[in-house]
Amino acid sequence: LWFGRSYYAGEGADGFPGFGYFDASTRKFRLLVPKEIAGWSVSAMDVTPEAVWLSLRDRLEYGDGSGGLLRFDRRSETIRAVSSTDVPDLGLEFARIGNRLLLVTEVGITSVEPGPITRYFVDQTTDGRLRIVEARK
């Protein structure tokens, strides 16, 4: 059982970041608070035997914003951060299709792995057809 902490940080309120799991063998919760998660809430998680992906977000008085992604390697317990420059859209949910990890965002879909991180959105052509288009910087 894995979980990610989420909290509101505005109007003088703040919270405690982190993610973790319930260890069934010791019957205890383990909370992980690496420095890369400081100041962020968790908006989505994907858990596999190899890794845990976290989508990070600000939860502020005037709206939410993306904090990028973290990948926690379960064997080495190391963190790889993906900045909000590469993932600027607020992540809502992870989905797996075959070997591809996708992040459903507030404006489209971001392909996380394998390969380079690529953002897509739905566009409407002048004749009314819908198409999926890669977002460009």
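- Grouped by direct or indirect side-chain proximity (heavy atoms under 4.5 Å, Ile/Leu/Val/Met/Phe/Trp/Tyr only), Val133 sits with Phe121.
- Here the CD atom belonging to Gln124 is positioned 8.5 Å from the CG atom belonging to Asp127, to the nearest 0.5 angstrom.
- For Ser83, the side-chain hydrogen bond (donor to acceptor under 3.5 Å, both in side chains) criterion is met by no residue, not counting sequence neighbours.
- Taking 4.0 Å as the cut-off between side-chain N and carboxylate O, Arg71 and Glu77 do not count as a salt-bridged pair.
- Taking Ile, Leu, Val, Met, Phe, Trp and Tyr as hydrophobic and joining them when side-chain heavy atoms fall under 4.5 Å apart, one finds Val104 isolated, its cluster having no other members.
- With salt bridges taken as basic N to acidic carboxylate O contacts below 4.0 Å, none links Arg75 and Asp73.
- At least one donor-acceptor pair closer than 3.5 Å links the side chain of Glu106 to the backbone N or O of Leu90.
- A distance of 8.0 Å separates OG of Ser41 from CG of Asp58, quoted to the nearest 0.5 Å.
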For Arg74 and Val47, what are the C-alpha separation, side-chain angles and deciding distance, and is it a side-chain contact (heavy atoms from CB on, under 4.5 Å)?
-> CA-CA 10 Å; Arg74 293 180 64 181; Val47 179; 3.7 Å; yes
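- Counting only heavy atoms from C-beta outward, the side chains of Trp40 and Arg57 never approach each other to under 4.5 Å.
- Atom-to-atom distance recorded for Leu54:CG and Met45:CE is 5.0 Å, nearest 0.5 angstrom.
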List the steps, then state whether side-chain contact (heavy atoms from CB on, under 4.5 Å) holds for Tyr21 with Phe29. CA-CA 6 Å; Tyr21 61 93; Phe29 284 96; over 6 Å; no
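- Ile97 shares a hydrophobic cluster with Leu102, Ile109; the chain of contacts runs through ILVMFWY side chains whose heavy atoms sit under 4.5 Å apart.
- Taking 4.5 Å as the limit, every side-chain heavy atom of Phe22 sits out of range of all side-chain heavy atoms of Phe3.
- In the hydrophobic clustering of ILVMFWY residues, with side-chain heavy atoms under 4.5 Å counting as a link, Leu31 and Ile79 come out together.
- Salt-bridge formation is not detected for the pair Asp23/Arg30: no Lys NZ or Arg NE/NH1/NH2 atom is positioned less than 4.0 Å from an Asp or Glu carboxylate oxygen.
- Contact detail for Ser55 and Gly91: the closest heavy-atom pair is OG-CA, 3.3 Å.
- In the hydrophobic clustering, Val82 connects to Trp53, Leu69, Val87, Phe94, Leu101, Leu103, Val112, Ile117, either directly or through intervening members, whenever side-chain heavy atoms lie under 4.5 Å apart.
- The shortest distance between side-chain heavy atoms of Val42 and Ile37 falls below 4.5 Å.
- Of the possible donor and acceptor atoms, none in the side chain of Ser84 sits under 3.5 Å from a partner among the backbone N and O of Pro88.
- Sorted by first and then second residue, the side chain to side chain donor-acceptor pair (under 3.5 Å) pairs with a member in residues 88-104 read Asp46-Arg96, Asp89-Arg119, Arg100-Ser111; sequence neighbours excluded.
- Annotation: Leu130, atom CG; neighbour count of heavy atoms from other residues, nucleotides and ligands within 6.0 Å is above 12.
- Using a 4.5 Å cut-off on side-chain heavy atoms (C-beta onward), Thr118 and Glu134 make contact.
- Using a 4.5 Å cut-off between side-chain heavy atoms of Ile, Leu, Val, Met, Phe, Trp and Tyr, with links allowed through other members, Leu56 and Trp2 fall into the same hydrophobic cluster.
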**OP:** Under the side-chain contact (heavy atoms from CB on, under 4.5 Å) rule, what do Leu32 and Phe72 come out as? Steps first, then yes or no, please.
**Re:** CA-CA 10 Å; Leu32 304 165; Phe72 173 71; 3.7 Å; yes
